[in-house]
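To start, the structure under review is shown below, and the notes come after it.
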Amino acid sequence: MPLKFPQPPLGAATDVAVFHCPFIIDAPTAGELRVRQNVKVVVSRDGRIQAIDPNHEADKSTTANKTCVIVPGFVDCHVHAPQYKQLGTKTDVPLMEWLQKYTFPAEAAFASTAHASAVYPRLICRLLRNGTTTALYFASNHLAASLILAETCAKYGQRALVGKTCSDQLLPEDYVETTAGSLADTEVFVKSVYERHGRNGLVMPVVTPRFVPTCSLELLQGLGEIAEKYSCHIQTHAAESVDQVALVRSQHPELARDIAILASCKLLTSKTVLAHCTHLHDSEARTMAQTGAAIASCPYSNMLFSRAVLPVNRFRSLGVKIGLGTDIAGGHSASMVDSVRMAGLVSRIDGFLPRWDRSTDPREESGVQPVGDEEVVDWKTAFYLSTRGGAQALGLEVGVFEVGMRWDAVMVDLTWDEDDSADDTPRENEEDVEMKFERWICSHGGEQGVKKVWVDGKTVFARE
Ligand code: GUN
Ligand code: FE
């Protein structure tokens with residue numbers, strides 16, 4: 001089947017687009033799945049939903065055929081773009097060693113703009129055909145390659161928040177930055193992205209200290225100033241693994257922990273997204289809730305590198321916004337459907353993993369109990385986290401089908417499974433469709449079944 005990634009001008013520039021959908025499915029809140037039948041959706045030229053008319057008289061020229069449903073595009077809250085070629089490999093050592101042995105060298109190769117121009121389009125197309133309409137990207141330390149990533153997202157029509165990573169210590173010689181150079185390049189990056197794409201454009205800049213261990217205090221403080229000056233998003237990693245938590249404590253004996261250090265540098269705001277946070281204390285989760293900072297939970301890499309499960313329900317009940325991420329390439333998959341399924345699976349683990357020495361578990365300090373039944377994340381909640389939850393974490397008007405929201409959507413053919421393909425009779429009832437959709441999410445997911453993807457009302461991928 002030919003794959004198509006239309007490039008500008010994307011889709012038709014008509015005043016309004018009208019979509020006739022046999023079924024649309026979304027998750028407005030955690031655990032709530034909404035199925036609407038025979039829906040006419042009107043989308044304005046700027047990509048916003050103007051009207052949603054369910055139970056509309058069935059139209060002969062439907063946008064989706066009867067075996068398809070339309071769902072909100074996935075929001076991937078944590079992707080390392082320059083690690084794409086490493087995906088699914090080299091996860092045999094602990095985090096800090098993994099960075100030094102494999103990951104920093106892989107990222108250092110992006111000093112070559114030719115390399116960036118070769119790799120980034122492939123990643124973006126891969127994510128689009130998996131239904132990821134929005135991604136929060138870590139690029140590399142290089143200004144030029146980071147700008148290429150931002151431009152490539154715009155070229156293919158993916159909604160993206162992109163950060164040039166910053167690190168002025170503990171990196172190999174050919175990859176480390178000077179403090180002044182990192183700050184200057186970050187400011188140029190932020191200004192360039194705003195100039196090219198506007199303040200609330202399809203592509204937005206993100207101030208991105210890699211994580212506390214590889215950033216001097218001066219760098220963190222300077223990045224906090226830049227984020228405040230341009231009121232832009234911020235992203236970094238926090239409380240990720242036992243070796244990382246211990247390193248931060250040894251580097252900063254007084255403040256000791258990521259959250260306190262980031263807060264002291266103006267890096268904890270309502271536009272901050274912190275990856276992982278599996279080793280967070282309750283008191284720190286409360287601080288995040290108060291500031292409006294969000295967590296990007298990456299269940300695959302949390303297993304591989306954190307070797308822990310984020311207590312999603314617990315931290316959500318404390319008021320923290322949570323989205324899901326693939327964490328390419330700390331995670332093994334480029335599909336958010338895999339992250340959805342994995343979020344549900346890992347939440348079933350009762351108690352900490354056996355290798356943990358509970359006496360040194362940082363969560364013991366705040367009296368956090370091992371994960372139990374109350375931590376089970378059902379598939380509808382995981383689907384919500386991958387769409388609306390992620391959108392709320394990033395402050396975006398996507399992830400749910402409501403008037404005023406943007407039409408970032410994915411058409412899924414529910415007959416993806418060969419054993420099901422004979423069954424192409426029109427779906428009559430919502431329960432049947434809900435079950436088939438659950439099967440797509442929980443039994444397979446990924447690229448098979450994704451027929452068409454829209455961002456801002458424009459077609460960005462089609463499988464014909
Ligand atoms: N912490 C600092 N850098 C990284 C990274 O590239 N991946 C993950 N998973 N954690 C990190
Ligand atoms: Fe990461």
Side-chain angles (χ1 to χ4, degrees), residues 76-110 123 135-142 145-146 149 161-172 175-177 182 206 208-215 219-220 223 234-248 251 258-259 261-262 267 272-280 294-310 323-334 336 339 342 346 390 393:
D76 190 335
C77 288
H78 192 59
V79 184
H80 289 272
Q83 297 174 19
Y84 180 46
K85 291 185 78 174
Q86 205 166 284
L87 185 68
T89 66
K90 300 178 177 169
T91 49
D92 58 322
V93 289
L95 177 69
M96 299 307 298
E97 199 182 333
W98 173 79
L99 288 169
Q100 297 291 344
K101 189 170 171 186
Y102 303 122
T103 304
F104 292 150
E107 293 192 11
F110 285 76
L123 167 65
L136 174 58
Y137 287 108
F138 277 60
S140 62
N141 290 355
H142 316 98
S146 302
L149 177 59
L161 297 94
V162 181
K164 184 208 90 65
T165 51
C166 298
S167 292
D168 65 347
Q169 61 189 28
L170 293 187
L171 260 63
Y175 193 38
V176 74
E177 304 171 285
S182 187
V206 186
T208 306
R210 183 176 203 106
F211 66 155
V212 168
T214 60
C215 298
L219 178 59
L220 293 173
L223 291 173
I234 297 164
Q235 63 179 339
T236 189
H237 301 86
E240 181 177 1
S241 64
V242 171
D243 50 351
Q244 179 261 329
V245 167
L247 180 56
V248 169
Q251 287 175 321
D258 289 316
I259 299 300
I261 296 159
L262 295 171
L267 289 167
T272 297
V273 180
L274 302 181
H276 312 298
C277 293
T278 39
H279 296 257
L280 209 65
I295 295 174
S297 181
C298 310
Y300 261 94
S301 77
N302 288 351
M303 292 298 273
L304 286 165
F305 291 110
S306 298
R307 305 188 73 163
V309 178
L310 183 80
L324 293 185
T326 55
D327 194 12
I328 295 168
H332 275 166
S333 171
M336 280 296 285
S339 290
M342 199 63 170
V346 301

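Start at 1 and go down the list; that is how both ligands and their atoms are numbered.
- Below 30°, between 30° and 60°, or above 60°: for F138 and H78 the angle between ring planes is above 60°, a perpendicular geometry.
- Between L324 and S339, the shortest heavy-atom distance links the atoms CD1-O, 3.9 Å.
- With the Fe ion (ligand 2) as the vertex, NE2 (H237) and NE2 (H80) define an angle of 90°, rounded to 10°.
- In terms of heavy atoms, A308 sits closest to H279 at CB-NE2, 4.0 Å.
- The Fe ion (ligand 2) has an N, O or S atom of H78 inside 2.8 Å of it.
- For the 3.5 Å distance criterion, the side chains of Q83 and T103 fail to qualify, holding no donor opposite an acceptor.
- Within 4.0 Å of ligand 1, contacts by protein heavy atoms are made from H80, Q83, L95, W98, L99, R210, F211, H237, E240, H276, D327.
- Residues meeting the salt bridge (Lys or Arg N to Asp or Glu O under 4.0 Å) test with E240, sequence neighbours left out: none.
- Put simply, the side chain of S241 never gets that close to the backbone of F305: no donor and acceptor are under 3.5 Å apart.
- A donor atom on one side chain and an acceptor atom on the other are not found under 3.5 Å apart for T278 and H276.
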